[in-house]
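Notes to accompany the following structure.
In this text, all values refer to a predicted model and were calculated from it rather than measured experimentally. Along the sequence shown, the residues carry numbers beginning at 1.
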Amino acid sequence: MVASRPQSSEGASMAVVGVIGGGQLARMMIPAAVALGIELRVLAEAPDSSARLAATAVGDYRDVGTVLAFAEGCDVITFDHEHVPQEVLRALVAAGAAVRPGPDALLYAQDKLMMRERLAGLGVPQPDWARVESADDLAGFLADHGGRAVVKTPRGGYDGKGVRVVDDAHGADDWLADGPVLAEELVRFERELAQLIARRPSGDARPWPLVETVQRGGVCAEVLAPAPQTTDAVERAAAEIATTVAHGLGVTGVLAVELFQATDGRVLVNELAMRPHNSGHVTIDGSVTSQFEQHLRAVLDWPLGDTTAIAPWGVMINVFGSLPDAQIAAALGHQPSAKVHAYGKGPRAGRKAGHVTVIGDDLDDAAYRARAAAAHFDSD
């Protein structure tokens, strides 16, 4: 798959990483790639994509020919999202491309039913769940779980999409018309957590400190790093879960394990993401090695970096809608310690347009300053 590798001005060869998907995750890999002397190539969905600075091709990631042509000359292929079809992923592997994470791992981030089945086989704690193929199946699950349940479409849901709470056997009839759905117990939880870990193909893995995620309307609004008032037992459980999943599924690159800390003491897997993740954006400013640098290191099978936090606390606030220049300037003027990350996207209600991060010695102070900076933006 690799053609002639690009040369630096001194004549040394440069590693080439191809990223499928031109969103903000690919965009935030660019500074890390520049620092490491990596050539980053992006297959973007549109010319005005968030990662257009590194977009070397524009095309449909669902088209085998387009993706194979893009992969020519790349040392490794990785992803901004998990939506590349299995047939495309396997065509890449058959052509000799190093695909990281590979199709056998990505399968479990693409299909929630398969994820639940595989995690059960690994003995990973998760909510009670069932494959539901009819209203009768759902009625039985509701009867066994207090009359309410969470129903999810197996594929395609994110940021609150493809998820609903039901209390009626016919509450998922529209989704069932397209095939089976996933039913889960409605977990009573104290809070939501996320454990990020990166793994190399050679097997070395390294986690970041556990973080707390604050959701609003099914979408992550804030991240607190590390998760405050966390017991050693919860930290160990989260790290053990992420390590088991990373090795058990053969993940390469960054893995985000979204977790519930249940009121009954359980730590349960909610979702998986096999790529840099919103819950890890705080690592850009708050960790020795950011999730974006670590992802590039991992997929190239380079030594992993130190994941230690550089300050006791970090707070990240998502901004939705738009980040006009004047508002960015106002936020920076009002809160000089805040870091604003704009994703270069056009304004659209409900779309993540950027984020604000503050790190510091005191959680309440960092949270105040991050929220004060974010308040300058008209989030929708």
Side-chain angles (χ1 to χ4, degrees), residues 108-109 111-132 137-138 140-154 157-160 162-167 172 181-197 199 205 207-249 251 254-274 277-280:
Y108 302 108
D111 189 304
K112 294 180 177 65
L113 278 167
M114 297 193 72
M115 176 195 76
R116 289 295 181 210
E117 292 169 356
R118 185 71 180 97
L119 294 185
L122 292 173
V124 172
Q126 50 185 340
D128 289 341
W129 65 277
R131 179 187 181 94
V132 168
D137 288 347
L138 184 53
F141 191 84
L142 288 169
D144 292 339
H145 294 84
R148 300 185 78 202
V150 176
V151 177
K152 300 178 180 180
T153 56
Y158 65 96
D159 281 351
V163 179
R164 66 175 62 146
V165 177
V166 301
D167 56 10
V181 298
L182 171 66
E184 297 178 352
E185 68 168 300
L186 185 61
V187 176
R188 296 183 180 277
F189 58 86
E190 295 180 8
R191 58 181 175 170
E192 294 185 69
L193 305 169
Q195 178 65 70
L196 267 68
I197 190 170
R199 180 179 179 273
W208 283 267
L210 183 67
V211 301
E212 178 178 349
T213 62
V214 179
Q215 315 290 318
R216 297 195 182 100
V219 181
C220 181
E222 299 185 4
V223 174
L224 310 177
Q229 299 179 335
T230 303
T231 65
D232 290 343
V234 169
E235 288 182 357
R236 286 195 302 270
E240 181 178 347
I241 288 168
T243 301
T244 298
V245 173
H247 290 306
L249 302 186
V251 178
V254 169
L255 166 71
V257 183
E258 297 179 70
L259 301 159
F260 294 126
Q261 183 177 346
T263 55
D264 59 11
R266 294 178 296 167
V267 178
L268 306 171
V269 175
N270 179 23
E271 304 275 3
L272 301 179
M274 296 180 191
H277 189 256
N278 190 212
S279 63

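Met274 is listed as a side-chain neighbour of Leu249, based on a closest heavy-atom distance under 4.5 Å. In this structure, the side chains of Val124 and Leu268 stay at 4.5 Å or more apart for every pair of heavy atoms. Considering only heavy atoms from C-beta on, Val257 stays 4.5 Å or farther from Ile197 through its side chain. A heavy-atom distance below 4.5 Å is not found between the side chains of Asp111 and Met115. Side-chain contact between Pro125 and Val269 is absent, with no heavy-atom pair separated by less than 4.5 Å. Residues Arg199 and Leu255 are not in side-chain contact: their nearest non-hydrogen atoms beyond the backbone lie 4.5 Å or more apart. No side-chain heavy atom of Gln261 sits under 4.5 Å from any side-chain heavy atom of Arg266. Side-chain contact check for Asn270 versus Glu192: some heavy-atom pair is nearer than 4.5 Å.
Minimum heavy-atom separation, Lys152 to Val150: CE-CG1, 4.0 Å. Residues Leu122 and Gly248 approach most closely at CD2-CA, 4.0 Å, considering heavy atoms. Contact detail for Thr213 and Leu193: the closest heavy-atom pair is OG1-N, 4.2 Å. Between His277 and Ser279, the shortest heavy-atom distance links the atoms ND1-OG, 2.8 Å. Across all non-hydrogen atoms, the minimal contact from Glu117 to Trp129 is CG-CH2, 3.5 Å. In this structure, Val267 and Ile241 approach most closely via the heavy-atom pair O-CD1, 3.7 Å.
Environment of CD in Glu240: sparse, with no more than 12 heavy atoms of neighbouring residues, nucleotides or ligands closer than 6.0 Å.
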Next item on the list: Apply side chain to side chain contact (heavy atoms under 4.5 Å, CB included) to the pair Val166 and Leu142, showing each step before the final yes or no.
Entry: CA-CA 9 Å; Val166 301; Leu142 288 169; 4.3 Å; yes
Margin query: I'd like to know whether Arg116 forms a side chain to side chain contact (heavy atoms under 4.5 Å, CB included) with Leu182, so could you lay out the CA-CA distance, the side-chain angles of the two residues, the decisive distance to 0.1 Å, and finally the verdict.
Written below: CA-CA 9 Å; Arg116 289 295 181 210; Leu182 171 66; 3.9 Å; yes
Item checked: side chain to side chain contact (heavy atoms under 4.5 Å, CB included) between Val165 and Arg148, worked out -> CA-CA 7 Å; Val165 177; Arg148 300 185 78 202; 3.4 Å; yes
Item checked: Check against side chain to side chain contact (heavy atoms under 4.5 Å, CB included), Thr230 and Leu210 -> CA-CA 9 Å; Thr230 303; Leu210 183 67; 4.0 Å; yes
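The pair Arg131-Glu184 does not count as a salt bridge, with every side-chain nitrogen at least 4.0 angstrom from each carboxylate oxygen.
Glu222 places no side-chain N or O within 3.5 Å of a backbone atom of Val214 that could act as its donor or acceptor partner.
Side-chain contact of Arg191 with Thr263: a donor-acceptor pair under 3.5 Å is absent, judged by distance alone.
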